[in-house]
> 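Take a look at the following structure, please.
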Amino acid sequence: MAQHTAPQQKVDLGPGFWPVTIGLSIFNLIASYFIATTDLATYLPAAAAPAGEIDGLIKFMAVFGNAIFVYVTGFIIYFAIVWRRRASDAPDSIGIQVHDSPKLEIWWTAVPLVLMIALGVLSVKVWANLQSQSGDVLTMESIGHQFKYEFRYPKLKNSIYDEMHVPVGTPVALHVTSADVIHSFWVPQIRVKYDMVPGLVQTIRFTPNKTGTYPVICTEFCGTNHSNMAAKMVIDTPRDFNTWLTKQAQIQASGGGPVALTGGNAATGATLFSAKCASCHNANGGYEAKIVGPGLGKLASDPTHPMLVTGEKPDAAGISHILINGYQGPDKSQGKEGPSAGAMPNKAANALSNTDISNLTAYLLSLSAKKS
Amino acid sequence: MAIATAGHIGVASHHDHIHPEPQSFIGKYIFSIDAKVIGIQYMVVGLLFFIVSGLLAEIVRAQLLTPTGAIVSNDTYNGVYSLHASGMIWMTIIPLVTGGFGNYVMPLMLGQRDVAFPWLNLVAFWMFPVAGVLLFGSFLVGAPDAGWTEYPPISLQGPPGTSLWCVAIFLVGISSSLTGINFLVTIFKMRAPGMTFTRMPLFVWAQMATAMLNMIATTALAAALAALFLERQFDIPFYDPGRGGSPVLWQHMFWFYSHPAVYIMILPAFGIVSEVFATFSRKPIFGYKMIAFSSIAIALLGFMVWAHHMFTSGMAPWLQLPFMILTMVVAVPTGVKIFSWLATLWGGKIEFHPAMLFSLGFLIVFTFGGITGVFLSSVPADLYFHGTYFVVAHIHYVLFGGSIFGIYAGVYYWWPKMTGRMMSYKLGVAHFWATFVAFNITFLPMHWVGLQGMPRRVAQYRPEFQFWNDVESIGSFILAGSTLIFLYAIAESMLKGKKAPANPWGARTLEWQVSSPPPYYNFKKIPAVLTNPYDFGEPLPYVGLVRDASNPEHPSTGRASSGTPAHA
């Protein structure tokens, strides 16, 4: 070991070492300037409070990450060119036999360590802000289902589905959990997401700061139709939000609220079916026994069509969704997008009440129960 | 192989005797206890599973060509990407880097004739193809569809193949654990005389750190899998929250294994490129001790960071902080390695052999993947990135750009040793450039679509992501094509490759001091080791090597004249 440590002498770093180092440094300075002065929201739209802070953190990491990557890649390419074996080299020529340099090694241990400490401190600061909220907080809940989102507001008696509203400027504490498997609640414009875990409640805290409509996305695999599990988050002005909330309360008070998913009367449903549905749907055969629409006799027990045409599970919720909204679009009953499923009229067109829908749902489910 | 029978004569000295080589086909190639044969068996089976898993990836990319992705049904798609990941991780990378290279190269590097427990080695190997058949066979009964992480409760609802998946991964896990024990004992108890720990080649250090991880971490996975299997088949509730179970319990146990598993996959690749950098720069590896100890540091830290995969999953928020800080600390020893390799290049006589090209490519893309890893370590940022294509991009930069590039480097480096034949230099160079370019086309845009809001594990996506998804898919088709070059190069070498000399690269570690391929017993006489193996220009630090015509002493300073790769 000892005989290899050469006496202290000026090391020739090789042709062009300093110009290359200076060139890479200038490049990094310019790149850092651009990263630091770019508003990430230009490219990745933001609509709520933690987004700005998180973007700041990302920019900090991008500045030093870029610097390290550019130095490493730059030196690899430069060394590979300058220190390549040349045709003129003797076959047994060897490289410069250096083993280590404690000074250098201390530097390249210390500098990343300092950067990591800085990143740690910054991250903890942002993290602490994510945990706290002050002022008049809107507390609400979202519950994940296969494959939809349920939302609960303190001022509404019943849940609403697929679309949530929040007022701009008011801090929101959104408690999330799940009714079946693990889902996740993510609005890219808020940045922060948490998983919706059955048996566990987590809280997403944010303050909307830009009105608009944003996608709610499930990022945790939750089953066949995971890809299409989505909802909308509408950020309203406080006035619009109050109008919306009042309207929802009125709808619910007038019985126009959510349909009861249990307790329907199958016998009443059967009568209603022959009056309103039987002209298009066969109640005895399976999916293939089409009249106009698919046969419904094995709606919840058909292995070749495990899903509804909407891609939802053939349970009370999924069935009532079609009865409420009607359906036009691709047939997803086989777990993928098939040809068009035709046109099923909605609740208004069929003149169905909520009780009618509960009864029809109970009847349709009883058909499958009998067959299986 | 005339010497084979002569081995019996040496039985008198029980410390140093040579068993006869088995003569039957089955004893020689199927149920062999020779670590070299077992190593090649791992490589062949691993290559097979690599091709299958790679084809599954191409189905995924074909599906994602259009936003509505109507090539396969959602359920099939979910099975395809789940088996792509499971196959690549457990049936390809882990067996190749530990069982494959570890078995073939490590005993040779230690100056030994075999690993400590050859029969255990045989058993461990045969669990692997059985597990692979079970895993891919699950397609017949309904493939597991909840991703390679198989989080309950969704995995409890999964098709019957999910239980087969449990059994397959359990088996291959036991196999890795046994290999871990075997390698650890080999390294601690069976080094050539004079080979102190700090004289071991860096590949052996990497295998040592990996073996520790394999031996300890895999047990947690085995327990988690057993519980999942019991819950699925016998309805014993471990993970069902409705009956007092916890879905998060699975995640803790799964990641307690699967985070170390990331290092199981990358540390041996670190070892491979360390050997390649030294040999093709014709320089001692810079900061030998720092590289060696940082492997151990990474392995130890690897046990303390698992919950960084679970920042969104549900744990006390304060608990996120220690996991975040410890994860950031991992960047320090990893940085030490990267900078040390960079310094190894400085002042070298760099030769652009395909193994070296893949190692240089590794250094670039792995650095990139390491940096995005730091991005993911910061809790607030991870709450943004988690579950998106950003994570998919990161994992491919470290596992493809890291482990697979490392494996390619290892194949080009040790191929002449393993087969006794040279591989085409030109095809190797073409393979590297096609792979390197296609790799970046495929995986770089994934960072961006992830940030924009594309979640992972989707069969359909919003139309605005189509452009970059098409770019990624086209990149992946080129990537598949580049693999064909590799397969062609292998076939060409086996059919008409030039005979390889003992030491075509003029390398200094012990495996190059025996003929190519090495004889059954590796070393007729166990050599003694005087110092570390990387001092180019010095005489070789070994005493007692038996040389003959197939294994001549070569000028230890430079390349052997017979192996000039430039025209090979």
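Below, chains carry the letters A, B, ... as their sequence lines are ordered, and counting in each starts from 1. Heavy-atom basis, side chains included; hydrogens, waters and symmetry copies ignored.
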> Checking side-chain contact (heavy atoms from CB on, under 4.5 Å) against B:T312, which of A:D195, A:V197, A:T219 comes through?
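Single pass found, and it is A:D195.
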> Looking at A:P188, A:P198, A:S178, which one has more heavy-atom pairs under 4.5 Å with chain B than the rest?
A:P198
> Distance to the ring centre below 6.0 angstrom and angle to the axis at most 45 degrees; does that hold for A:R191 and B:Y384?
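The answer is yes, since A:R191 meets both limits relative to B:Y384.
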> Taking the ring centre of each residue, are A:W108 and B:F286 less than 6.0 Å apart?
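Ring-ring flag for A:W108/B:F286: true, centres closer than 6.0 Å.
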> Among A:P102, A:P45, A:G120, A:A51, single out the residue with the greatest number of heavy-atom pairs under 4.5 Å to chain B.
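The candidate making the most pairs under 4.5 Å is A:G120.
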> Let me know if B:L345 has heavy atoms under 4.5 Å from chain A in its side chain, its backbone, both or neither.
both
> Is the backbone of B:A459 close enough, under 3.5 Å, to the side chain of A:S227 for a donor and an acceptor to pair up by distance?
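Yes.
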> Can you tell which part of B:V248 gets under 4.5 Å to a heavy atom of chain A, answering side chain, backbone, both or neither?
side chain
> Kindly indicate, with the supporting measurements, whether the criterion side-chain contact (heavy atoms from CB on, under 4.5 Å) is fulfilled by A:K336 and B:T76.
CA-CA 9 Å; A:K336 63 176 177 188; B:T76 312; over 6 Å; no
> For the backbone of A:N225 and the side chain of B:N74, can you confirm whether one donor and one acceptor N or O come within less than 3.5 Å of each other?
no
> Which answer fits B:P333, side chain, backbone, both or neither, if we ask what part of it has an atom under 4.5 Å from a heavy atom of chain A?
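No part of B:P333 comes within 4.5 Å of chain A.
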> Side chains of B:N532 and A:H99: do they bring a donor and an acceptor to under 3.5 Å?
no
> In terms of heavy-atom proximity below 4.5 Å to chain A, should B:L451 be classed as side chain, backbone, both, or neither?
both
> Is B:F311 close to chain A through its backbone or its side chain, or both, or neither, when contacts mean heavy atoms under 4.5 Å?
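Backbone only.
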> Can you tell me which portion of B:I371 sits under 4.5 Å from chain A's heavy atoms? Options are side chain, backbone, both or neither.
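The side chain, not the backbone.
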> Start with the C-alpha gap between B:I350 and A:R85, add the side-chain angles, then the distance that decides, and say whether side-chain contact (heavy atoms from CB on, under 4.5 Å) holds.
CA-CA 5 Å; B:I350 298 169; A:R85 171 187 289 281; over 6 Å; no
> Where on B:S340 is there a heavy atom nearer than 4.5 Å to chain A: the side chain, the backbone, both, or neither?
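When you check distances to chain A, atoms from both the backbone and side chain of B:S340 fall under 4.5 Å.
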> Just give me the residue among A:A110, A:G223, A:A128 that pairs up with chain B most often, heavy atom to heavy atom, under 4.5 Å.
A:G223
> Does any heavy atom of chain A fall under 4.5 Å from the side chain of B:S313, the backbone, both, or neither of them?
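Answer is both: backbone and side chain atoms of B:S313 are under 4.5 Å from chain A.
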> Would you say the side chains of A:N228 and B:Q460 form a donor-acceptor pair under 3.5 Å?
yes
> When rounded to the nearest 0.5 angstrom, what distance separates CZ in A:R86 from CD in B:E351?
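Here the rounded value is 14.0 Å.
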> Once you measure the plane-to-plane angle for B:W448 and A:Y43, does it fall in the parallel (<30°), tilted (30-60°) or perpendicular (>60°) bin?
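Judged by the thresholds at 30° and 60°, the geometry between B:W448 and A:Y43 is perpendicular.
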> Given the options B:D382, B:T367, B:T372, which has more heavy-atom pairs under 4.5 Å with chain A than any of the others?
B:T367
> Please flag which part of B:Y151 lies under 4.5 Å from any non-hydrogen atom of chain A: side chain, backbone, both or neither.
side chain
> Would a 4.5 Å heavy-atom cut-off, applied to side chains only, mark A:F69 and B:I364 as touching?
yes
> Which answer fits A:Y78, side chain, backbone, both or neither, if we ask what part of it has an atom under 4.5 Å from a heavy atom of chain B?
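A:Y78 has no heavy atom closer than 4.5 Å to chain B.
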> Between the main-chain N or O of B:F536 and the side-chain N or O of A:Q97, is there a donor-acceptor pair closer than 3.5 Å?
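The answer is yes, because a donor-acceptor pair under 3.5 Å joins these two groups.
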> Using non-hydrogen atoms and a 4.5 Å limit, figure out which bit of A:Q202 sits close to chain B: side chain, backbone, both or neither.
side chain
> Between A:A230 and chain B, with a heavy-atom cut-off of 4.5 Å, which part of the residue counts as in contact: side chain, backbone, both or neither?
neither
> Need one label for B:P247: side chain, backbone, both or neither, based on atoms under 4.5 Å from any heavy atom in chain A.
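Looking at B:P247, just its side chain touches chain A.
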> Is it the side chain or the backbone of A:I58 that comes within 4.5 Å of chain B heavy atoms, both, or neither?
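Contact with chain B is through both the backbone and side chain of A:I58.
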> Just give me the residue among A:A62, A:C218, A:S184 that pairs up with chain B most often, heavy atom to heavy atom, under 4.5 Å.
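Highest number of heavy-atom pairs under 4.5 Å: A:A62.
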> Considering only heavy atoms, which portion of A:L119 lies under 4.5 Å from any heavy atom of chain B: side chain, backbone, both, or neither?
both
> Report yes or no: does B:W346 contribute a side-chain atom to a donor-acceptor pair with the main-chain N or O of A:L13 at less than 3.5 Å?
yes
> Most heavy-atom pairs under 4.5 angstrom with chain B, which of A:T73, A:I68, A:N66, A:I76?
A:I76
> Under the criterion side-chain contact (heavy atoms from CB on, under 4.5 Å), I'd like the reasoning laid out for A:I94 against B:K349: C-alpha separation, chi angles, the key distance, then a yes or no.
CA-CA 6 Å; A:I94 57 171; B:K349 286 280 174 202; 5.6 Å; no
> Would you compute the distance between atom OG of B:S281 and atom CD1 of A:I96 and round it to the nearest 0.5 angstrom?
11.5 Å
> Does any heavy atom of chain A fall under 4.5 Å from the side chain of B:Y461, the backbone, both, or neither of them?
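For B:Y461, there is no contact with chain A at all, as no heavy atom is under 4.5 Å.
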> Start with the C-alpha gap between B:H386 and A:E220, add the side-chain angles, then the distance that decides, and say whether side-chain hydrogen bond (donor to acceptor under 3.5 Å, both in side chains) holds.
CA-CA 9 Å; B:H386 181 92; A:E220 238 9 282; 3.2 Å; yes
> Below 4.5 Å from any heavy atom of chain A, which atoms of B:I285 appear? Answer side chain, backbone, both or neither.
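For B:I285, the contact with chain A is made by the backbone alone.
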> A:L113, A:I182, A:V201, A:L130: which one forms the most heavy-atom pairs within less than 4.5 Å of chain B?
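The option with the most such pairs is A:I182.
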> Can you tell which part of B:L321 gets under 4.5 Å to a heavy atom of chain A, answering side chain, backbone, both or neither?
side chain
> At a heavy-atom separation under 4.5 Å, does B:M328 approach chain A through its side chain, its backbone, both, or neither?
both
